[in-house]
Amino acid sequence: MDLGLKGRVAIVAAASKGLGRAAAEEFAKEGCEVAICARTAANLERTANEIGKANNRAVFWRAVDVTKPEAVRAFVEEVDKKYGRIDICVTNAGGPPAKKFLDISLEDWRAAVELTLLSNVYFAREVLPRMQRNHWGRLLTITSVSVKQPIDGLLLSNTLRAGVAGLAKTLANEFGADGITVNNVCPGFTLTDRLEELVELRAKDAGISREQAIKNMSAQVPAGRLAQPEEFAALVTFLASERASYINGTTIAVDGGLVKGLL
Ligand code: NAP
């Protein structure tokens, strides 16, 4: 299937590793101009070089903290200036800390609002008017299966990602007539550094080994295993493509069947 992505300009936030990196790699393979950001310049530069080398194209990168609206604005402006437009934007950030309710301070709550909810708003504010002008755009928010089925112990994530799903659905209504689709994608248990953190936490809480914790997680999934980041990135790439032109306002999980609800 020709996804029609060749030459499209794609921003992927929080993409030096994990799910963001996997999405950036797929966009590069499909012939997009790719721009990535994360906080740590050294990792980001290495990732951009690796993706660039593998796909014979330069990958634009800037060290940006997605909780800083001015930094997000400057990044989007720079990408727009360099490539002349923004077609695709995948919003993403590191996960908020995994804590139980009584251990979460008000500062934790405020920081998580910035990281998990407002970072999506910062990007949406910058990219949507640009996409509107070109009458074409794809905005994708990365959240979690927790928007469909809350995950025990991930209170900040469970609470704030539901807000992101609400944001994406409402933006889809507001910008649908402008040739823009907005969809929300929900990773299940996917083998990245973030998952490693959760595995360690679960192992510690239950007094079991890391391997046993992974076995227990895998047993919750009908597929019987955890996901690879590229399995998630395949959906992101499709939703960003020309071929997904009538998929709008959805929340789709890539979870091997983990969510037990019907929708
Ligand atoms: P990861 O492997 O830990 O990668 C996180 C990426 O985000 C890194 O590139 C990191 O680079 C960047 N980042 C973190 N905070 C940032 C900030 N404030 N500004 C800019 N970049 C930032 O995580 P992942 O597994 O890819 O997860 C991505 C998102 O999906 C997270 O929100 C996670 O909670 C969620 N999720 C993951 C899973 C899973 O199983 N992996 C499941 C459900 C949901 P720097 O540290 O250098 O900034």
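Atoms within a ligand are numbered from 1 in the order they appear, just like the ligands themselves.
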Considering only protein heavy atoms, which is closest to [atom], and at what distance to one decimal place?
atom	value
atom 4 (O) of ligand 1	Lys17 CG, 3.6 Å
atom 47 (O) of ligand 1	Thr40 OG1, 2.5 Å
atom 18 (N) of ligand 1	Asp65 OD1, 3.0 Å
atom 31 (C) of ligand 1	Ala93 O, 3.0 Å
atom 46 (O) of ligand 1	Arg39 NH2, 2.8 Å
atom 24 (P) of ligand 1	Thr192 OG1, 3.7 Å
atom 7 (O) of ligand 1	Ala14 CB, 3.2 Å
atom 10 (C) of ligand 1	Ser16 OG, 4.1 Å

- Is the count of non-hydrogen atoms from other residues, nucleotides or ligands lying under 6.0 Å from Asp103 atom CG greater than 12? yes
- Step through the shown structure and confirm whether more than 12 heavy atoms of other residues, nucleotides or ligands are within 6.0 Å of NZ on Lys260. yes
- Query: Is there any side chain to side chain donor-acceptor pair (under 3.5 Å) pair reaching into residues 163-180, and which pairs are they, with sequence neighbours excluded?
  - Reply: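 Applying side chain to side chain donor-acceptor pair (under 3.5 Å) to every pair that reaches into residues 163-180, excluding sequence neighbours, yields Gln132-Asp178.
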Check this for me, if you would: do [X] and [Y] make a salt bridge, where the nitrogen-to-carboxylate-oxygen distance has to be below 4.0 angstrom?
X	Y	answer
Lys29	Glu26	yes
Glu50	Lys53	no
Arg85	Asp87	yes
Glu33	Arg57	yes
Lys215	Glu211	no
Lys81	Glu78	no

- Message: For Glu25, give me all partners under side chain to side chain contact (heavy atoms under 4.5 Å, CB included), at least two apart in sequence or on another chain.
- Response: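 Listed in chain order: Arg21, Ile51.
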- Cation over ring, Arg138 on Trp136, under 6.0 Å and within 45°?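 Yes, Arg138 sits over the ring of Trp136.
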- Task: Mark the output for Thr143 as yes if a heavy-atom distance to ligand 1 is under 4.0 Å, and as no if none is.
- Result: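 Within the 4.0 Å threshold, so yes.
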- Query: Below 4.0 Å from any atom of ligand 1, is there a heavy atom belonging to Arg161?
  - Reply: yes
Can you sort out which atoms of ligand 1 are near [X], meaning under 4.0 Å from one of its heavy atoms?
X	answer
Phe189	40 (O)
Asp193	2 (O)
Val64	19 (N), 20 (C)

- For ligand 1, the portion of Leu115 having any non-hydrogen atom under 4.0 Å away: side chain
Report yes if [X] has an N/O atom closer than 3.5 Å to an N/O atom of ligand 1; otherwise report no.
X	answer
Gly188	yes
Gly20	no
Leu19	yes
Thr67	no

Between [options], which one has a non-hydrogen atom sitting closest to [atom]?
atom	options	value
atom 5 (C) of ligand 1	Pro229, Ala13, Gly94, Ala41	Gly94
atom 21 (N) of ligand 1	Cys37, Ala38, Ala15, Ala22	Ala38
atom 19 (N) of ligand 1	Asn43, Val254, Val66	Val66

- Query: Do we see a donor-acceptor contact under 3.5 Å between the side chains of Arg46 and Asn43?
  - Reply: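 Distance-only check passes for Arg46 and Asn43.
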- Query: For the side chain of Thr192 and the backbone of Arg194, is there at least one donor-acceptor N/O pair under 3.5 Å apart?
  - Reply: yes
